[in-house]
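Working notes, structure below.
Note that the structure is a prediction, hence the values are computed from the model and not measured.
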Amino acid sequence: MIPAPSFPPPMPHQPPPGWWSRNWKWCVPTLVVSTLVLIAGFFAMIFFAVFGLLKSSEPAQEALAKAMANPQLQSEIGTPIAEGLMVSGNISASNSSGRANLDIPVSGPKGKANIHVEARKTTGVWTYSTLEATIKGKPQRIDLRP
């Protein structure tokens, strides 16, 4: 009599790998990059909001208007005069009082300049102690006050 062949017991059925096991190699870098982009976007939004507030302030707008109307500055840097991107300085204002100390870059076809503004707000009116333009590469200052 021939002995019956013995077969190994059947292997238990292995379930297919889950979604995370199949996709973690692209999911992790995507999550990291997305998080970094969101954080950078948040800081960029704050940055542009602050500079937008400085640019739209009353002292900055008035200084820019006086610079664009000044014939001496127009002859030095040309027309049209355009405002630069990075207004720097600080403004503190509450109700009818405040202070401003700003530097506003401007440029024209012939050159660049920087407008320096120092102002104080009392009883709701801005008074400018300094409102002058400095041409890049030249020592002279142009007083923009009337």
Using a 3.5 Å cut-off and no angle test, enumerate the donor-acceptor pairs between side-chain atoms of residues 128-136 and protein atoms at least two apart in sequence or in another chain.
unit_1	atom_1	unit_2	atom_2	d
Tyr128	OH	Glu62	OE1	3.2
Ser129	OG	Glu118	O	3.3
Glu132	OE2	Arg141	NH1	2.6

Side-chain donor-acceptor pairs under 3.5 Å in residues 28-43, sequence neighbours left out?
unit_1	atom_1	unit_2	atom_2	d
Thr30	OG1	Trp26	O	2.7
Ser34	OG	Thr30	O	2.7
Thr35	OG1	Leu31	O	2.8

side-chain contact (heavy atoms from CB on, under 4.5 Å) for Asn114 and Val106? Distances and angles first, verdict last.
CA-CA 6 Å; Asn114 190 47; Val106 294; over 6 Å; no
Kindly say whether Lys66 contributes a backbone atom to a donor-acceptor pair with the side chain of Asn70 at under 3.5 angstrom?
no
Check the hydrophobic clustering (I, L, V, M, F, W, Y; side-chain heavy atoms under 4.5 Å; chains of links allowed) and say if Trp126 and Leu53 are grouped together.
no
Say you draw a straight line from CD1 of Ile115 to CE of Met68; how long is it, rounded to the nearest 0.5 Å?
8.0 Å
Are His116 and Leu102 side-chain neighbours, meaning at least one heavy-atom pair lies under 4.5 Å?
no
From OG (Ser75) to CD1 (Ile142), nearest 0.5 Å
7.0 Å
Given Lys138, Lys112, Lys110, the one that forms salt bridge (charged side-chain N to carboxylate O under 4.0 Å, His left out) with Glu76
Lys138
Hey, are the side chains of Glu83 and Ile104 touching, using non-hydrogen atoms and a 4.5 Å cut-off?
yes
Which atom pairs, donor and acceptor, lie under 3.5 Å between side-chain atoms of residues 84-97 and protein residues at least two apart or in another chain?
none

At their closest point, which heavy atom of Pro59 faces which heavy atom of Ala100, and how far apart are they?
CG-CB, 3.9 Å
Show, in sequence, the C-alpha distance, side-chain angles and deciding distance for Lys121 and Glu58, and conclude whether the salt bridge (Lys or Arg N to Asp or Glu O under 4.0 Å) test is met.
CA-CA 10 Å; Lys121 184 179 183 182; Glu58 187 178 338; 5.3 Å; no
How about Leu73 and Ile81: do any of their side-chain heavy atoms sit closer than 4.5 Å?
yes
Could you pull out the closest heavy-atom pair between Thr79 and Pro109, with the gap in Å?
O-CG, 3.3 Å
Go through the steps to decide whether Thr122 and Arg120 satisfy the test side-chain contact (heavy atoms from CB on, under 4.5 Å), and finish with yes or no.
CA-CA 6 Å; Thr122 52; Arg120 177 178 240 157; 4.1 Å; yes
Could you measure the distance from the CZ atom of Phe51 to the OG atom of Ser56? Nearest 0.5 Å is fine.
13.0 Å
